[in-house]
Structure formats: structure tokens, C-alpha cells
Amino acid sequence: MFSDIHIEQPTIHDKNGFEVAIMLEKMVMILGLINIGTPADKAKGKEELVKIEKELMQCLNREAFRVAAINIGYTKEELKEVFSK
């Protein structure tokens, strides 16, 4: 019945899991800066967020990013923000 359904497996390319975990933690800090920082902090945070998202999306498929983000405690709202792009 479900044999025709493709389930994507999490994969990482060009980095190891530890490097990706550090990048995701950095992303959490940047999101916090964007939420509670000064206007200058928020602007800088948005610039950094674009850079780190680009790097992460080059080495993770969507499923790997989703699983890792959930494991470090991203909220549903944060995940929606990231995946809405």
C-alpha cells in the first residue's frame, strides 16, 4: 500500500555531525539576537542568518536539518520561519 511513498532520509554532505551541531547552535543564538537585540544587532543578525542558512542548506538535506533542529530544541514557530523560505 505504501511502497510507492518515498521517505527522505537525513543526510549530511561535506561536514561532520559535530560541525553541523555547532552551526545549528550558532543559528539559535542568531535567532535570539534577532528577537531581542537592538536594531543594529537585529540587522547584523539577519545578515549572519542568511550566511549560515546558505551554508547549512548546502551540507544538509531538508530532513537532516529538520531532525537536527528538533533535537536541539527549535520551536515549531522557528522551524516554520526557516522552512518558509
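- Side chain of E19 to main chain of N16: a donor-acceptor pair is present (N/O by atom type, distance under 3.5 Å, no hydrogens or angles).
- What you find for V20 and C59 is that their closest heavy atoms are CG2-SG, 4.2 Å.
- Under a hydrophobic-cluster definition in which Ile, Leu, Val, Met, Phe, Trp and Tyr are linked whenever side-chain heavy atoms come within less than 4.5 Å, directly or via other members, L33 and I52 are assigned to different clusters.
- Across Y74 and L24, no two heavy atoms sit closer than the pair OH-O, 3.9 Å.
- Other residues, nucleotides and ligands contribute more than 12 heavy atoms inside 6.0 Å of the NZ atom of K42.
- To the nearest 0.5 Å, the span separating CD on E25 from CD1 on I22 amounts to 9.0 Å.
- Rounding to the nearest 0.5 angstrom, the gap separating the CG atom in D14 from the CG atom in L60 is 10.5 Å.
- In this structure, CE on M29 lies 14.5 Å from CD on E48, to the nearest 0.5 angstrom.
- To the nearest 0.5 Å, atom CD of residue E55 and atom NZ of residue K15 are 4.5 Å apart.
- To the nearest 0.5 angstrom, N35 atom CG is 12.0 Å from D41 atom CG.
- When every heavy atom of T11 is checked against every heavy atom of H13, the shortest pair comes out as OG1-NE2, 3.5 Å.
- Once rounded to the nearest 0.5 Å, the distance linking CD1 of I30 with CD of E47 reads 11.0 Å.
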